There are 2 protein chains.
Amino acid sequence: MRTSHAGAATVPPDHVTHRPDPGRQTPGRATGASQGPADEASPGGPHGAPAPASQGARTRSQHQRRKRIVQAAAALASRGGVEAMQMRTVAERAGVALGTLYRYFPSKMDLVVAVVSEEIDLLETSIERRPPSAATPAGRAVDVLMRATRGLMREPELADALIRSLIMAEVDTPFGDRMAGLLLRVSGEGLTLGSATEEQVALAGSLGSVWVHELLEMLRGRRTYEQIQRRIEIAADRLLAGFGA
Amino acid sequence: MRTSHAGAATVPPDHVTHRPDPGRQTPGRATGASQGPADEASPGGPHGAPAPASQGARTRSQHQRRKRIVQAAAALASRGGVEAMQMRTVAERAGVALGTLYRYFPSKMDLVVAVVSEEIDLLETSIERRPPSAATPAGRAVDVLMRATRGLMREPELADALIRSLIMAEVDTPFGDRMAGLLLRVSGEGLTLGSATEEQVALAGSLGSVWVHELLEMLRGRRTYEQIQRRIEIAADRLLAGFGA
DNA sequence: GCGCAAACTAGAACAGATTCTAATCCGTGT
DNA sequence: ACACGGATTAGAATCTGTTCTAGTTTGCGC
């Protein structure tokens, strides 16, 4: 059962799959949610960081371990998709016990999310290094989205896996908001999720969801890169009209 | 392994999950895709109908059987979501053997898709019976989408399950196009997927993906009905501007 | 009435995710 | 140096989707 445990331990509970959990009811043992007295509300760095517990000693090797895990996962996923990224295999490649892997990532989805996070980090870095130069807000947004699209296209297996998981994930880490923020940032001058109007945030979010959808269609083989570009342009032109400073 | 069989048999291969299948490689036995000499390219009615083989005799009881299965599946899903809709259980409730269930629906996803199809049929029927009356194209589209939203909200478990599966499904049955067509129909006078311009189709599709995304957010508990409505209105106003006859 | 092929059935078998167990490690406080 | 608790580990055990097997049933043409 996926009844998420209350994040308790001195470990890096990197999970994100929480959900209201509307009375699941897997027969069999009904382990009451409980276990560790130790508490701590994961400070939550940028992406779900390991969040060292109280002290901070073992943290070092734990960071390494987490890194090895995500790395192994990404490697496996990049060829063969999520299916090839089997928990046993990941654990093996990362040199940790299956149980440990599950301690770091309560579910496969959490692991996938971690990998996706890294990808998004990469995109943001790329954007910083070479900001979109188009004249219009829509143009800049399209630039960013297509850049991301190209990046994902390079490893279709991984992309497919990640995008799907991303959508499926009962993620607490709003990737949607992250993309919306990114789009807002490149669209208007000093726009941010904070300073933008509710309408602007909604519109940026909408563009983001259109992009994800198109991406999905492409991965299904129903869209070519060009078609996506065209569609994103069409949507962006309307959704982001009048966003310029 | 999900290496889809070439649709061969005198049965109702209701599947839809096909995918390029980029070299899967489950170890163990590597059963060569083969088995039935009988062939037949499922005529494919509206939604993936049972598609009787050559004759047409046994079809009757098969229709019943298929109906019982989908019904059982929907019932289970409506309380407990996809997780509660276990293949074994569905087969049991429908009074068929697990093997038979798999003959009708090659994978769980196919079953889910069948259930979703019924839901969409319901929506289309509802629209016909009581067409949206708003004055603007956007208004009518919003009307339709929010009506669908309310319908899905009634059975959150089922909705969640279905929407997710729908997105995930490597469906050959483009639900997206179906929604887009529906939206086009209520937006412009004689608009249809055929008569609309490429841009219009793209825009209707975009609105559809925004809706799905918002729905997903709602199911994740990050949106209220009102928020969705507002966001859909915002997006529709821009995306469907100038759609009137 | 007989024989065949496809559809069905019951149930075993497999695979991969997730959970559980018992024993060992390791860093910290004493 | 010693005890303690959380972190790890190897591996068994569960759970559920999917596949496979062997035997039975059913509709049809002869």
Side-chain angles (χ1 to χ4, degrees), chain A residues 1-5 8-13 15 17 24 26-31 35-38 40 50 52-62 65-66 82-92 94-112, chain B residues 1-5 8-13 15 17 24-31 33 35-38 40 50 52-62 65-66 82-92 94-112:
Chain A
M1 52 186 103
R2 116 173 32 290
T3 0
S4 47
H5 316 279
T10 319
V11 233
H15 65 148
T17 61
R24 213 57 62 64
T26 325
R29 60 246 127 72
T31 323
Q35 181 182 170
E40 168 249 327
S54 30
Q55 294 71 50
R58 188 169 301 158
T59 302
R60 193 60 33 160
S61 67
Q62 289 187 323
R65 204 163 278 144
R66 182 177 186 290
V82 256
E83 335 230 322
M85 178 180 134
Q86 299 183 8
M87 296 306 261
R88 282 185 229 279
T89 315
V90 172
E92 209 173 284
V96 302
L98 188 55
T100 303
L101 169 52
Y102 270 94
R103 182 189 273 290
Y104 280 74
F105 301 94
S107 83
K108 185 171 180 173
M109 195 67 87
D110 292 281
L111 218 193
V112 172
Chain B
M1 49 185 103
R2 116 170 33 290
T3 1
S4 46
H5 316 280
T10 319
V11 234
H15 65 148
T17 61
R24 215 55 63 64
Q25 50 155 164
T26 324
R29 63 242 126 73
T31 322
Q35 183 179 171
E40 169 250 327
S54 29
Q55 294 70 51
R58 189 169 300 157
T59 302
R60 194 57 33 156
S61 67
Q62 289 188 324
R65 205 165 275 140
R66 183 176 185 290
V82 256
E83 335 230 321
M85 179 179 133
Q86 298 184 6
M87 297 306 261
R88 285 180 174 75
T89 315
V90 172
E92 207 175 284
V96 302
L98 187 56
T100 302
L101 169 51
Y102 269 94
R103 182 191 271 291
Y104 281 73
F105 302 93
S107 83
K108 184 171 179 173
M109 195 66 88
D110 292 281
L111 219 193
V112 172

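The basis for the numbers below is simple: all heavy atoms, side chains too, and nothing from hydrogens, waters or symmetry mates. Remember, it's a predicted structure, so these values are computed and weren't measured experimentally. We name chains A, B, ... by the order of the sequence lines, and we start the count at 1 in each one.
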**Q** Between atom OH in A/Tyr102 and atom P in C/dT18, what is the gap in whole Å?
**A** 3 Å
**Q** Search all heavy atoms of B/Met85 against all heavy atoms of B/Val112 and return the closest pair with its distance.
**A** CE-CG2, 3.5 Å
**Q** Return no unless some side-chain N or O of A/Thr100 is found under 4.0 Å from OP1 or OP2 of D/dT9.
**A** yes
**Q** Could you tell me how far apart A/Leu111 (CG) and C/dG16 (P) are, to the nearest whole angstrom?
**A** 17 Å
**Q** Step by step, work out the side-chain contact (heavy atoms from CB on, under 4.5 Å) result for B/Lys108 and B/Val90.
**A** CA-CA 10 Å; B/Lys108 184 171 179 173; B/Val90 172; over 6 Å; no
**Q** Answer yes or no: does a side-chain N or O of B/Gln62 lie under 4.0 Å from OP1 or OP2 of C/dA6?
**A** no
**Q** Quick one: A/Lys108 NZ to D/dT16 P, roughly how many Å, whole number?
**A** 18 Å
**Q** Looking at side-chain heavy atoms only, is the closest gap between A/Val96 and A/Arg103 below 4.5 Å?
**A** no
**Q** Considering only heavy atoms from C-beta outward, does the side chain of B/Met87 approach that of B/Leu111 to under 4.5 Å?
**A** yes
**Q** Using rotation axes that map the C1' atoms of four end pairs onto the next four (five pairs an end), what angle separates the end axes of the helix from C/dG1-D/dC30 to C/dT30-D/dA1, to 10°?
**A** 0°
**Q** For the CD atom of B/Gln62 and the OG1 atom of B/Thr100, what is their distance to the nearest 0.5 Å?
**A** 10.0 Å
**Q** Send over the distance from A/Met87 CE to D/dA13 P, rounded to a whole Å.
**A** 21 Å
**Q** What integer distance in Å separates B/Phe105:CZ from D/dT19:P?
**A** 15 Å
**Q** Specify the closest pair of heavy atoms between B/Glu83 and B/Gln86, including all atoms of both residues, with the distance to one decimal.
**A** O-CG, 3.3 Å
**Q** Mind checking the CZ-CG spacing from B/Arg65 to B/Leu101? Nearest 0.5 Å is all I need.
**A** 12.0 Å
**Q** Are OP1 or OP2 of D/dT8 and a side-chain N or O of A/Tyr104 less than 4.0 angstrom apart?
**A** yes
**Q** Report the distance from atom CE of A/Met109 to atom C1' of C/dA17, rounded to the nearest whole Å.
**A** 12 Å
**Q** Roughly how many Å is it from CG in B/Leu101 to P in D/dT16, rounded to a whole number?
**A** 16 Å
**Q** Would you kindly give the CZ-to-C1' distance between A/Arg103 and C/dT19, to the nearest whole Å?
**A** 13 Å
**Q** Tell me which of A/Arg88 and A/Gly99 sits closer to the 5' end of DNA chain C, going by the nucleotide each one is nearest to.
**A** A/Arg88
**Q** Between B/Met85 and A/Leu98, just flag the one whose closest nucleotide in DNA chain D comes earlier from the 5' side.
**A** A/Leu98
